[in-house]
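Below is one structure, written out as structure tokens, with a few remarks after it.
Every chain is numbered from 1, with letters handed out A, B, ... down the list of sequences.
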Number of protein chains: 2
Amino acid sequence: MSSRPSLAQVAALSGVSVKTASRALSGEGYVAVETKARVQSAADELGYRLNRTARELRRGGNTSTLVGLLSGDLANPFYSRLASGLERELRMHGLQLITASTDENPEWERRLTDSLLERRVRGLVVASTMAEHGHLAAERRHGSPFVFVDRPPVDLTADAVLLDNRGGAKRAAEHLLERGHRRIGIVGDLSRLSTHQDRVEGFAEAMEAAGVADWRDYLLEDAHDVDKAERAVRALLARDPAPTALFTTNNRITTGALRAIGHTPFPAAATAKDAADKGTPAGKGTALIGFDELDLGDVLGVSVIAHDPEEMGRHAARLLLARLDGDDGPARRVVLPTRLIERSTTAPV
Amino acid sequence: MSSRPSLAQVAALSGVSVKTASRALSGEGYVAVETKARVQSAADELGYRLNRTARELRRGGNTSTLVGLLSGDLANPFYSRLASGLERELRMHGLQLITASTDENPEWERRLTDSLLERRVRGLVVASTMAEHGHLAAERRHGSPFVFVDRPPVDLTADAVLLDNRGGAKRAAEHLLERGHRRIGIVGDLSRLSTHQDRVEGFAEAMEAAGVADWRDYLLEDAHDVDKAERAVRALLARDPAPTALFTTNNRITTGALRAIGHTPFPAAATAKDAADKGTPAGKGTALIGFDELDLGDVLGVSVIAHDPEEMGRHAARLLLARLDGDDGPARRVVLPTRLIERSTTAPV
DNA sequence: ATGAAAGCGCTAACAG
DNA sequence: CTGTTAGCGCTTTCAT
């Protein structure tokens, strides 16, 4: 548990100055091959390893290779896929990702943001759970680019990569309406989140255009985890009259809904060919469409409004990289499309 | 885009020495309340933010609050749930997680490990894809604790949190054998991974104990992604005679298998009560059991050998924290249990 | 209660 | 090609 060797020790062992050792190891050049070899072997012998934080300190503010990501919880596939896409793209440019989960707690988010900024991250990607972001205005002036993902900044202009929540939700509602449904239950996440509000709005737009004025009677909100969602769906289905269809506004809620309405055993299917033949429609069960694709959505036959979280991460990385590259144009806002995938849970009756 | 204010600037603005400013802001004490307030307001005015890396440099080696995680790919729920459990536990102790994905590429892993060590992470949690780890021996002497997760260290003694792969796979095979199956296909991940090998071994043990000598005829390996797995399963089912059951050795392979054999539409189920009544057995389709729980495994009715990735992360955190706390006892090895969850894909005929 | 000086490990700037 | 000096932003002495 001896402490780590410094460059000075390597220099001493190889009988050169610290600067020469530095040059030899960082490949700066202008070092005799023979000297370089001597320094290298001394470094190996001591188990020397560059102290990157010291280097960054000396080189000045903007040399860190760290990018921070603030998101809800990595266990949610939406966030982990976002993180995956982001990390992959950053890595191609020599940057590393440091993640922090807020659990949708604004207080935690604030604290974690501070912590990442103290670490002098090169930039910050944030799926924010806070109501406003004015406090970050000062940071931007000090040169830390922010990219907002999934949810837009409030009281702050900054780059953002968002989803077409409103359009996607509207499409979901229209799809159910086309199938003849009128009593459509809608179960949503935390009501304070803009994504939730946008999805409800899009839904409302379609419902009202179709002349369904009392859609709010079947709206349930703040179902933030799978269990709450399952209970909410059960409650909704126990109403009289019960809804004939459901729109669940994110992956966890859809999962909860499937537990409530769809806990059916795996149907027998001897081979792939057999399976293909079994394309029976959903019949008269409760129809369902969810926002967000699910891992086994295709196997289960769940209709969804799909989009690509990895792509969102890649886009965020690209916006950030452009800023780091000196782009000081106006804030950009990228809105990623969603697409309806019709599967058996909304098959025509 | 002005550069960040330093403590010296805060000190200058408030008319005190750098050290006093430091004391005031870091809450060290021994500062007049009035002075402290003055420094604080100067800091606010300038938008001062502590440079944590400078602090850590001055305070000496072991003060970083960063812990590194090396894993395959965050998009895989196994890794993201591991990361989630790990991060949550670390956060409770003031530590932050920095993640790096290796994509199961040993060369990348080596490079990323170096990078994390250069950043002077406090410790490293690694789901390694490398064949041996002797090169890390030197690091441990310099005081960087390693915790191996999912896969054990080779040529190195270090703490590890592993799964009972052998026992779980054996249980899976026994379960299928109990259901009367003899021709059981087994589809595995990269053959060089120890987890894969252990699972095949456990499977083999049960098969041979049951007198099925030619089980290897139905073994397919290196199905590392969902598409490859799907093709492998199709190939297996096209054999003559075809296997009557499948054991898929991880979550991605199980997903591929479900796509190959189970692409059946969602069955109609009006209410939860209805659904409960529909408990028909799997019938004469190909039976299936997978290693790793799936997100919608219960809804789909897929039998699995389940375990808890989050718990693995928490355990890893605890081992690491103990080391950071000075524990220098012998290397610990925690083996987490698996459990069989019987669902409809292996229901009795 | 406050300050001056030194130094963490490294590299930029300027010699030679 | 190599070395010296200075300093990144902070905190640890050690004074006062």
statement: Contact span of DNA chain D against chain B, any nucleotide atom under 4.0 Å from a heavy atom, 5' to 3', runs dG9(D) to dT12(D)
field: Nearest heavy-atom neighbours spanning L90(B) and A317(B)
entry: CD2-CB, 4.1 Å
Close side-chain approach of T113(A) and L124(A), heavy atoms under 4.5 Å: yes
Hydrogens and angles aside, do [X] and [Y] bring a side-chain donor and acceptor to less than 3.5 Å of each other?
X       : Y       : answer
E109(B) : T102(B) : no
S115(A) : Q96(B)  : yes
D103(A) : S101(A) : no
D155(A) : H133(A) : no

- request: Ignoring backbone atoms, test whether T20(B) places a side-chain nitrogen or oxygen under 4.0 Å from the OP1 or OP2 oxygen of dT2(C).
  value: no
- prompt: Do the side chain of R23(B) and the base of dG3(C) come within less than 3.5 angstrom through a donor-acceptor pair of N or O atoms?
  reply: yes
Send over the distance from [X] [atom1] to [N] [atom2], rounded to a whole Å.
X       : N       : atom1 : atom2 : answer
R58(A)  : dG9(C)  : CZ    : C1'   : 11 Å
K19(B)  : dT2(C)  : NZ    : C1'   : 11 Å
L57(B)  : dA6(C)  : CG    : C1'   : 14 Å
R119(B) : dC10(C) : CZ    : P     : 14 Å
E28(B)  : dT2(C)  : CD    : P     : 12 Å
R59(B)  : dA6(C)  : CZ    : P     : 22 Å
K36(B)  : dT2(C)  : NZ    : P     : 12 Å
R120(B) : dC8(C)  : CZ    : C1'   : 12 Å

- request: On DNA chain C, check which nucleotide each of T35(B) and S22(A) is closest to and give me the residue with the more 5' one.
  value: T35(B)
query: Are the side chain of N51(A) and the backbone N or O of A54(A) linked by a donor-acceptor pair below 3.5 Å?
result: yes
